[in-house]
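Reading through the structure tokens given below for one structure.
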There are 2 protein chains.
Amino acid sequence: MLVLPIERFILPTPQTKLQVPRISDAVASALERRILEGSLKPGDRLPPERELSLELGVSRPSLREAIQKLASKGMVQSRQGGGTYVTDRLESSFFDPWQDMMGAHPNLREDMLEFRRMLEGQAAEWAAERATEADLTRLDQAFATLAEAFAADDLERRSSADIAFHQAVGEASHNALVGHLSAALLRLMQDNIRLNLGELKSIPAAGSLLMGQHAAIHAAIRERKPQAARAAAETHIDFVRETLAQSLRSAARRETAARRLNTDFSPSTIS
Amino acid sequence: MLVLPIERFILPTPQTKLQVPRISDAVASALERRILEGSLKPGDRLPPERELSLELGVSRPSLREAIQKLASKGMVQSRQGGGTYVTDRLESSFFDPWQDMMGAHPNLREDMLEFRRMLEGQAAEWAAERATEADLTRLDQAFATLAEAFAADDLERRSSADIAFHQAVGEASHNALVGHLSAALLRLMQDNIRLNLGELKSIPAAGSLLMGQHAAIHAAIRERKPQAARAAAETHIDFVRETLAQSLRSAARRETAARRLNTDFSPSTIS
DNA sequence: GAGACATATTGGTTTGACCAATTTACCATT
DNA sequence: AATGGTAAATTGGTCAAACCAATATGTCTC
């Protein structure tokens with residue numbers, strides 16, 4: 001087991017009095033950093049307390065004090081016998097208000113896609129510039145999982161693997177905001193799509209195209225070509241945007257047709 | 001010794017999952033109540049941990065977890081060997097998780113500035129492309145207000161005018177996400193700066209430079225030069241970033257100097 | 001009375017143990 | 001083969017006792 005000592009020296013203890021740094025603060029801060037950096041994502045379960053205390057080189061009570069601190073800030077959540085899980089307060093604090101607005105104002109979706117085009121482009125560019133070996137490994141893995149899910153045609157796994165892949169890119173960009181925001185936005189959109197369009201099966205051959213775009217992003221980052229990575233990410237979003245618009249149009253057509261049928265034959269059936 | 005058992009039944013554990021009440025939560029909330037009721041006034045010292053744990057009928061580790069929770073909320077403050085004291089300021093808790101993250105992890109500030117550089121650059125570019133006449137009018141007005149506030153040297157008005165100006169740019173970009181995010185991030189940073197650096201008066205001639213940068217952004221948008229607008233916005237953020245870093249360095253220098261003075265002449269004067 | 005030193009107090013940390021809830025694996029029943 | 005239940009392993013929750021280090025307090029000396 002690798003033992004990585006906690007930094008205890010000049011932790012920013014904002015108290016005015018002269019304070020000896022508490023080890024629980026150091027631990028809490030270390031865990032916070034892992035969450036910020038993305039190595040601990042919302043929904044993840046942290047290692048068991050005994051294990052984690054070994055890994056961090058502190059005793060279990062100290063680790064527990066740190067966890068309690070994070071729990072009181074709402075960043076983690078523990079269940080006896082179950083484990084301790086990372087919550088998504090960071091992301092939700094930015095996007096709780098947006099959740100319901102998306103449904104009410106469809107043109108927000110267009111704004112969102114435009115925003116994501118910028119965000120994911122930048123994320124890919126930075127990732128190509130800055131990714132460490134560990135980042136690349138994680139990216140490979142996420143890509144492999146994504147390919148599997150696509151091959152298996154498992155919508156649920158595909159969706160979560162998609163999020164994981166984009167999250168890995170965001171993580172490799174080494175900017176906490178980019179990582180959390182892109183993940184949050186993607187999740188938001190997927191929920192919204194699932195809500196408004198059923199399973200989006202209306203797109204027949206999109207699968208292989210999407211997979212090719214993901215591969216292009218992955219390759220450009222691996223080969224450390226920032227501009228190519230940005231271009232690939234933007235192409236990807238452009239494709240999603242176009243496909244989505246098309247799918248919406250056809251859905252609207254179907255709906256009007258259905259409505260016409262309704263009004264013609266059974267006007268009382270409101271649905 | 002009076003033993004008053006802690007109520008453990010239906011403590012308001014806001015977690016969504018089915019949760020067994022933790023004893024440390026019960027203790028924390030019991031202490032909180034004492035503080036709110038006034039039996040523990042700000043400045044008071046709580047009983048020693050060993051004593052208090054007896055009194056409450058819980059073990060010392062559990063009591064400590066509770067105290068750590070309160071400490072992370074800023075309600076109490078402990079000094080090794082000294083004791084645990086009730087803090088005098090109760091209403092200091094900022095509930096935005098990003099806010100205290102910024103304080104605890106300084107590199108997050110850098111991420112934030114990097115992100116803002118992208119965001120505000122894009123906002124300015126889009127604003128230059130898309131602003132309607134109404135947008136431009138609003139922008140003119142925001143700029144005028146900002147100039148006034150700068151001239152009057154009113155920090156409070158200046159800060160809110162600053163936010164309003166960037167918000168106007170965001171609105172003119174005609175992307176709801178850009179507008180809200182850039183405003184939210186600016187507000188977040190301003191709060192953080194005010195918190196960590198006092199009033200940031202340490203920057204002497206920055207005022208006119210900042211004003212010039214705002215003018216450049218304004219002009220480029222008005223003349224509908226997207227690239228120039230983006231460049232101006234990026235220059236603005238670069239300047240803020242550099243100035244902030246410099247100011248932080250000098251603050252650190254001042255602090256070390258003060259510490260040296262302390263250790264030289266009056267080592268007993270802690271605060 | 002002022003300063004220095006010894007002692008007691010008090011929070012900080014660790015070790016080790018046991019309990020209780022949950023999860024997991026396995027097995028028998030249908 | 002699917003289902004249901006039970007036992008074992010896992011994991012957070014709690015406690016006890018001990019030692020360390022910083023602080024506070026009392027005492028002693030000059």
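Reckoned from all heavy atoms, side chains included, excluding hydrogens, waters and symmetry mates. Lettering of chains follows the sequences in order, A, B, ..., and the numbering in each one begins at 1.
Listed by chain and number, the residues in a side chain to side chain contact (heavy atoms under 4.5 Å, CB included) with B/S159 are B/Q190, B/R194 (sequence neighbours excluded). Partners of A/E129 by side chain to side chain donor-acceptor pair (under 3.5 Å), not counting sequence neighbours: none found. Partners of A/E37 by side chain to side chain donor-acceptor pair (under 3.5 Å), not counting sequence neighbours: none found. A/Y85 meets the side chain to side chain contact (heavy atoms under 4.5 Å, CB included) test with A/R45, A/R79; sequence neighbours excluded. Every residue meeting the salt bridge (Lys or Arg N to Asp or Glu O under 4.0 Å) condition with A/D140, not counting sequence neighbours, appears here in chain and number order: A/R222. When the side chain to side chain contact (heavy atoms under 4.5 Å, CB included) test is applied to B/N107, the partners found at least two apart in sequence or on another chain are B/H105. Shown here are the side chain to side chain donor-acceptor pair (under 3.5 Å) partners of B/S59, two or more places apart in sequence or in another chain: B/S62. By the side chain to side chain contact (heavy atoms under 4.5 Å, CB included) test, A/A164 pairs with no residue at all, sequence neighbours left out. The salt bridge (Lys or Arg N to Asp or Glu O under 4.0 Å) test applied to B/D111 returns no partner, not counting sequence neighbours.
For the pair B/E65 CD and D/dT14 P, the computed distance is 7 Å after rounding to whole Å. In this structure, A/Q68 places its CD atom 15 Å from P of C/dT13, rounding to the nearest Å. Atom CD1 in B/I23 sits roughly 19 Å away from atom P in D/dG12 (whole-Å rounding). The separation between A/I67 atom CD1 and D/dG13 atom P is 8 Å, rounded to whole Å.
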Which pairs, protein N/O on one side and nucleotides 5-8 of chain D N/O on the other, fall under 3.5 Å?
none

Which atom pairs link the protein and nucleotides 4-11 of chain C when you take only N or O atoms and keep those under 3.5 Å?
from, atom 1, to, atom 2, distance (Å)
C/dT10, OP1, B/R45, NH2, 3.2
C/dG11, OP2, B/E49, N, 2.7
C/dG11, O4', B/G81, N, 3.4
C/dG11, N7, B/R50, NH2, 2.7
C/dG11, O6, B/R50, NH2, 2.7
C/dG11, N2, B/Q80, OE1, 3.1

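Salt-bridge check for B/R241 with B/E114: failed, with every basic side-chain N at 4.0 Å or more from each acidic carboxylate O. Using a 4.0 Å cut-off between charged side-chain N and carboxylate O, A/E65 and A/R22 make no salt bridge.
OP1 or OP2 of C/dG12 has not a single side-chain nitrogen or oxygen of A/S62 nearer than 4.0 Å.
From one end of the helix from C/dG1-D/dC30 to C/dT30-D/dA1 to the other, with five pairs defining each end axis, the axis direction shifts by 0° (rounded to 10°).
With DNA chain D read from its 5' end, the first of the two nearest nucleotides for B/S24 and B/Y85 is the one closest to B/S24.
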